[in-house]
Engineer: 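Have a look at the structure that comes next, please.
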There are 2 protein chains.
Amino acid sequence: MMSVTIKDIAKLANVSHTTVSRALNGSPLINRETKEKIQEIARKLHYTPNFSAKSLVLDRSYNLGLFFSTLNEGTSAGFFFESVRGVNSVIKGTYNLVVRGIDDYTDFKGISRKSFDGLLVMSQSAKDDDFIRHVRDMQIPCVVLNRHVDSFDAVNILSDDRQGAFQIVEYLIREGHRRIAIIEGKAGFKSTQERKKGYLDAMTKYKLPVRKDYQVQGSYDLESGYHRMKELLKLGADELPTAVFCSNDDMAVGAMKAALEYGLTIPDDLSLAGFDDNLFSGYLSPALTTVKRPVEQMSRKGAAVLVDLIETKEQVKDTVYLRTELMIRDSVSRPREALDKAKTAGPSSAD
Amino acid sequence: MMSVTIKDIAKLANVSHTTVSRALNGSPLINRETKEKIQEIARKLHYTPNFSAKSLVLDRSYNLGLFFSTLNEGTSAGFFFESVRGVNSVIKGTYNLVVRGIDDYTDFKGISRKSFDGLLVMSQSAKDDDFIRHVRDMQIPCVVLNRHVDSFDAVNILSDDRQGAFQIVEYLIREGHRRIAIIEGKAGFKSTQERKKGYLDAMTKYKLPVRKDYQVQGSYDLESGYHRMKELLKLGADELPTAVFCSNDDMAVGAMKAALEYGLTIPDDLSLAGFDDNLFSGYLSPALTTVKRPVEQMSRKGAAVLVDLIETKEQVKDTVYLRTELMIRDSVSRPREALDKAKTAGPSSAD
DNA sequence: CATATTTATGCACACGTTAACAACGGAATT
DNA sequence: AATTCCGTTGTTAACGTGTGCATAAATATG
């Protein structure tokens, strides 16, 4: 079954294939009647342009890449889903959205101007720098999301994780917590570092002791949250933190389980805070207090900027920070100690 | 910056571009020395083939499509993520994986043999039939996942949801439950119907009363689970079911929250079962008893079959059912009534 | 030694599209 | 009446690759 080309249409319309091409692309130099006749015929024959041919001559692939650091470990389902959805909502129809993990590649030979009109890199780790450098060398229009890269004149869109983490830890402190632990994200991930910085910022600002044994390394997945929390619980009743800041919601779920198994109730015995605001976080019991990260917004904006970049060929270096949002729910309360103290000291000193 | 083509290589190697083409594609009719010399030059120049040109002459797009019914509502993040991952792990390098929602399209003109070498349709609803028909008309190699379609000679890979639902409801019954409610999935989705059938199968097999007010319609998202559970709770203490089968895990989370808010403890006052086995399900408190659906396996297998289909041009009609697996965890226990009865009747009749 | 066969390479065209340029008829300008 | 101009259409080449056929050289066969 041969597919119909502009030449077929040309024959039927008694014109040259050039005229057909122009008519179908809305060129202004074509007579209105001819144009309509041609469009009519094209419609009737169910003509669809051959994009490979277009690509070849126009030097565009019609592919947009959305690259994650990895699709294997450290990328949560919610994050992935929201990212794809955000991009997808912007590029409807015009482009193909190609989704990939950077760590799927051993070499980047296949990534060229010819194969991608533009790239969105949802970057989670400094390991991506090789890839990003390659993209720059290939002069592929590119927007880096989620992680700051300097030494690269690209648009950079990310959420202010440090500020967000600071905000939620500050909230814990204001609620009266002084012994606050952190379960960190995957080692090497930029977000891990930023969230930890936010935690430290808050602790320092309020002159709280920063204990090494209150800092444990997770890997952003549920399981690690569970195990790291168990580790913290080994500190024993006297040394236990009154609040734990988990570097993402997935780990908070794991941590919650560990705490519950240990016999603690949340938030009465232990306050728990997360980061990300996954879809399910509001539906946990207790509902998780966390920081909402604008993932979908980030990828939407990224896609919009990228498309603009491709179509206007303008190269801008620009860094955009998107605001995070504190989501106060039920997994954090005033610590028992604070309450006790308030009781003994009388209501007057209870803030 | 001009990119290097086989003609550039040809000049340097003092051969025709034809020879280069053949050498780079491993044609057997080329002298070994020449071949090596050419490959060496290609490597040195960082040559990458222009896929648009290849596509044009070979009539292949190198694109594989993974189409979901929708990316907006009714597709859970975990399901989406696992699907993409499964496909991605199979097609490394060779193809571009293009992810799309069917409901993004108003017409399917753009979906042609030219633009996709093959298609995976992760079908969730009968609404997809128009699309699938189109794909068939266009003679695009296609594998339909997750939903049974007849009247279409395609490979069909799905999990046996009916059997899985039967299995878990039967488990509830064996644990002593007689008043079992169901929160159904999104109306119109095939999986919704299949899971409900499994529920009814089990109820009928054990001759349990099937009550209309024990069947409520959800939409697969957390929120609907929450609200439908609240509805069930309105039935009042005497009429309450002792177990609720939620048609997916997301809704089970919502339902759990509603039950907890109502003052019930799970599983002592109410048993809860889910479906899917999301990543987080084992980490809920209590850990969710559910049915594991082999999503990643499904998409892996689908991708493998599709690639095979494309490369051998063989058209097979075949339906593969993948087994689900019962995941017994902590959200289901024997109902209080059953226990009471056991107690009054003495240990002998317990079991 | 003449002929057949194999091996290695090149020539020319094809794929479907766009675009620079030429060409043509008619209208407007000189 | 000759020239310029405009609006519309056609001619031709180009994009980078693969392939059928011709060809040349080398080797085997009789």
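In the text below, chain A, chain B and the rest are named by the order of the sequence lines, each starting its count at 1. Given the structure is predicted, the values throughout are model-derived calculations rather than measurements.
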Engineer: Side chain of B:Ser21: nearest nucleotide among C:dG16, D:dG10, D:dG18?
Structural biologist: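 Selected nucleotide (nearest to the side chain): D:dG18.
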Engineer: Check A:Asp8 with A:Lys11, please: is the shortest side-chain N to carboxylate O separation under 4.0 Å?
Structural biologist: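 Looking at A:Asp8 together with A:Lys11, the answer is no, because their closest N to O distance does not fall below 4.0 Å.
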Engineer: Quiz question: going by heavy-atom distance under 3.5 Å, is there a donor-acceptor pair between the base of C:dT17 and the side chain of A:Ser52?
Structural biologist: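 Not at all, since no donor on one side and acceptor on the other fall under 3.5 Å apart.
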Engineer: Base, sugar-phosphate or nothing for A:Thr34? Non-hydrogen atoms, less than 4.0 Å.
Structural biologist: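 It contacts sugar-phosphate atoms only.
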Engineer: Just the rounded figure in Å: distance from P of D:dC15 to CG of A:Leu58.
Structural biologist: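 Result: 13 Å.
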Engineer: Nearest of D:dC15, C:dA14, D:dT8 to any side-chain atom of A:Asn31?
Structural biologist: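 Selected nucleotide: D:dT8.
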Engineer: Side chain of A:Thr18, base of C:dA19: donor and acceptor closer than 3.5 Å?
Structural biologist: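 Checked by distance alone, the answer is yes.
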Engineer: Base, sugar-phosphate, or nothing for A:Phe51, non-hydrogen atoms under 4.0 angstrom?
Structural biologist: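 Since no nucleic acid heavy atom lies under 4.0 Å of A:Phe51, the category is nothing.
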Engineer: Determine: side-chain N/O of B:Tyr62 to OP1/OP2 of D:dT17, distance under 4.0 Å, yes or no.
Structural biologist: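 No.
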Engineer: Which of the following nucleotides, D:dT17, D:dG10, C:dT9, is nearest to the side chain of A:Val15?
Structural biologist: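 Out of D:dT17, D:dG10, C:dT9, the nucleotide with an atom closest to A:Val15's side chain is D:dG10.
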Engineer: Name the nucleic acid region contacted by B:Asn14, choosing base, sugar-phosphate or nothing; use a 4.0 angstrom heavy-atom cut-off, strictly under.
Structural biologist: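 Touches sugar-phosphate only.
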Engineer: I want to check one thing: is the phosphate of D:dG16, taken as OP1 and OP2, less than 4.0 Å away from some side-chain N or O of B:Lys7?
Structural biologist: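 For D:dG16, OP1/OP2 do not have a side-chain N/O of B:Lys7 under 4.0 Å.
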